Amino acid sequence: LVRWKNATGMRDFTFIAEHVTKTLHGKNTGPWSLSFKVFRDNDQNRRQQIALKDSKILYQVSLAQQPGHVYCMVDGSVVVEAEKEMEIILSRLKNLWRLRQGVTIEGTSYEIGDFTLRVANILLGSTYKGLLLEIDYHPCSTPNNATELFREFVESIVPPTAQLSCEYEYNYESVGLSNQEFTTAHTSYQYMMLFKNDGLF
């Protein structure tokens, strides 16, 4: 997962689309989207005893490629996969969790050989926050096992002047995810870390 921080909106989105389809002979496979929400705990008794900055945060990711599921994590504890109904449950637990911010990001998906590339502009309200690149490499299902290949693939897509925010390796076991098999929960965790570490919310 990569954020191109100094991208310039539709101009660079179009640059990627043309580069992928014309130079790399990729195929546009249609639209894709993700939803990202941040909840803050709403325990009033606890809030009176501690500073607001110490209250708990819940991250929730919903990806178009897994429409029936959501992925949640409270403050770096463990990533949990739940049915889509979890969104309804959270909306009814206003006494426990209050929605702080939410965003839906929409873009385009491409197939390039053994890779799937998903590209979208990041708009938070009316503020542009760069270009998002999500990359899947199909032959490899082991987390953190194709770092150099991912790095080379990213460099083949963006211009050398691109300022990137990305992690190529993650400590998945620390949040209860397997280091043996990559799943959609791993991708969701990458989104949680990107939004948190880049201060996007």
Side-chain angles (χ1 to χ4, degrees), residues 1-5 7 12-37 59-73 79-82 84 103-122 129-159 162 164-198 200:
L1 191 64
V2 178
R3 182 169 75 100
W4 177 358
K5 298 187 287 187
D12 286 326
F13 187 94
T14 303
F15 165 81
I16 293 274
E18 290 180 355
H19 180 59
V20 164
T21 55
K22 293 179 180 171
T23 307
L24 302 177
H25 306 291
K27 179 185 174 193
N28 182 329
T29 55
W32 76 279
S33 64
L34 74 100
S35 169
F36 188 88
K37 294 179 182 175
Y59 301 96
Q60 178 190 293
V61 177
S62 176
L63 300 168
Q65 60 263 41
Q66 279 285 19
H69 296 88
V70 296
Y71 301 86
C72 302
M73 179 180 74
V79 175
V80 176
E81 179 179 347
K84 192 77 172 165
V103 65
T104 298
I105 296 173
E106 298 176 331
T108 306
S109 182
Y110 301 91
E111 293 293 330
I112 311 161
D114 289 331
F115 290 91
T116 296
L117 171 68
R118 298 178 183 96
V119 184
N121 283 307
I122 306 172
K129 293 290 187 175
L131 198 63
L132 185 65
L133 308 170
E134 179 191 319
I135 302 147
D136 286 338
Y137 178 57
H138 304 294
C140 181
S141 62
T142 307
N144 300 329
N145 207 27
T147 301
E148 280 309 309
L149 192 62
F150 278 115
R151 190 175 278 117
E152 289 171 15
F153 183 76
V154 169
E155 289 171 1
S156 76
I157 293 173
V158 299
L164 304 178
S165 173
C166 58
E167 296 286 333
Y168 289 104
E169 294 189 7
Y170 295 83
N171 184 359
Y172 293 113
E173 285 185 334
S174 69
V175 291
L177 297 175
S178 168
N179 269 339
Q180 305 303 314
E181 185 176 355
F182 195 86
T183 67
T184 310
H186 291 73
T187 303
S188 299
Y189 177 63
Q190 290 179 7
Y191 276 108
M192 294 171 194
M193 290 298 93
L194 178 76
F195 274 76
K196 180 181 178 185
N197 294 339
D198 282 15
L200 295 177

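In this text, all values refer to a predicted model and were calculated from it rather than measured experimentally.
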List for me each residue that meets side chain to side chain donor-acceptor pair (under 3.5 Å) alongside [X], sequence neighbours excluded, and say none if there are none.
X    : value
S35  : none
E181 : none
E152 : none
E81  : H69

- [ ] Quick one: closest heavy-atom pair of N144 and T147, and the distance?
- [x] O-OG1, 3.8 Å
Open item on the list: Could you report the tightest heavy-atom contact between H19 and I157, atom names first, then the distance?
Closed with: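 Shortest heavy-atom separation between H19 and I157 comes out as CD2-O, 3.6 Å.
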For [X], give me all partners under salt bridge (charged side-chain N to carboxylate O under 4.0 Å, His left out), at least two apart in sequence or on another chain.
X    : value
D136 : R118
E148 : R151
K84  : E87

Open item on the list: Run the side chain to side chain contact (heavy atoms under 4.5 Å, CB included) test against P67 and tell me which residues pass, sequence neighbours left out.
Closed with: none
TODO: Starting at CZ of F36, measure out to OG of S188 and round the result to the nearest 0.5 Å.
DONE: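 Output value for this atom pair is 9.5 Å.
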Open item on the list: Between T187 and L1, is the side chain to side chain contact (heavy atoms under 4.5 Å, CB included) condition met? List the steps.
Closed with: CA-CA 8 Å; T187 303; L1 191 64; 5.8 Å; no
Any side-chain heavy-atom pair from [X] and [Y] closer than 4.5 angstrom?
X    : Y    : value
L132 : L34  : yes
F153 : V2   : no
R3   : L200 : yes

- [ ] May I have the step-by-step check of side chain to side chain contact (heavy atoms under 4.5 Å, CB included) for Y170 and V175, ending in yes or no?
- [x] CA-CA 10 Å; Y170 295 83; V175 291; over 6 Å; no
- [ ] Ignoring hydrogens and angles, tell me if any N or O in the side chain of H186 forms a donor-acceptor pair with the backbone of S178 under 3.5 Å.
- [x]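 Here the side-chain-to-backbone pair exists.
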- [ ] Give a yes or no answer on whether the side chain of N179 reaches the backbone of P143 with a donor-acceptor pair at less than 3.5 Å.
- [x]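 Checking the backbone N and O of P143 against the side chain of N179, no donor-acceptor pair under 3.5 Å is found.
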- [ ] Could you please spell out the steps behind the side chain to side chain contact (heavy atoms under 4.5 Å, CB included) verdict for V158 and L131?
- [x] CA-CA 10 Å; V158 299; L131 198 63; over 6 Å; no
Ignoring hydrogens and angles, write down the donor-acceptor pairs under 3.5 Å from the side chains of residues 189-196, residues two or more places apart or on other chains.
unit_1	atom_1	unit_2	atom_2	d
Q190	NE2	Y172	OH	2.7
Y191	OH	E134	OE1	2.5

Could you list the donor-acceptor pairs under 3.5 angstrom formed by side chains in residues 103-111, with sequence neighbours left out?
unit_1	atom_1	unit_2	atom_2	d
S109	OG	T29	OG1	3.2
E111	OE1	T116	OG1	3.1
E111	OE2	T116	OG1	2.9

Task: Parallel, tilted or perpendicular, as decided by the 30° and 60° cut-offs, for the rings of Y137 and F150 - done: perpendicular
- [ ] Would you mind listing every salt bridge (charged side-chain N to carboxylate O under 4.0 Å, His left out) that reaches into residues 24-35, with sequence neighbours excluded?
- [x]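 The answer is none; no pair qualifies.
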Open item on the list: Taking ring-ring contact (aromatic ring centres under 6.0 Å, His included) as the definition, give me every residue that meets it alongside Y168, ordered by chain and number, with sequence neighbours left out.
Closed with: none
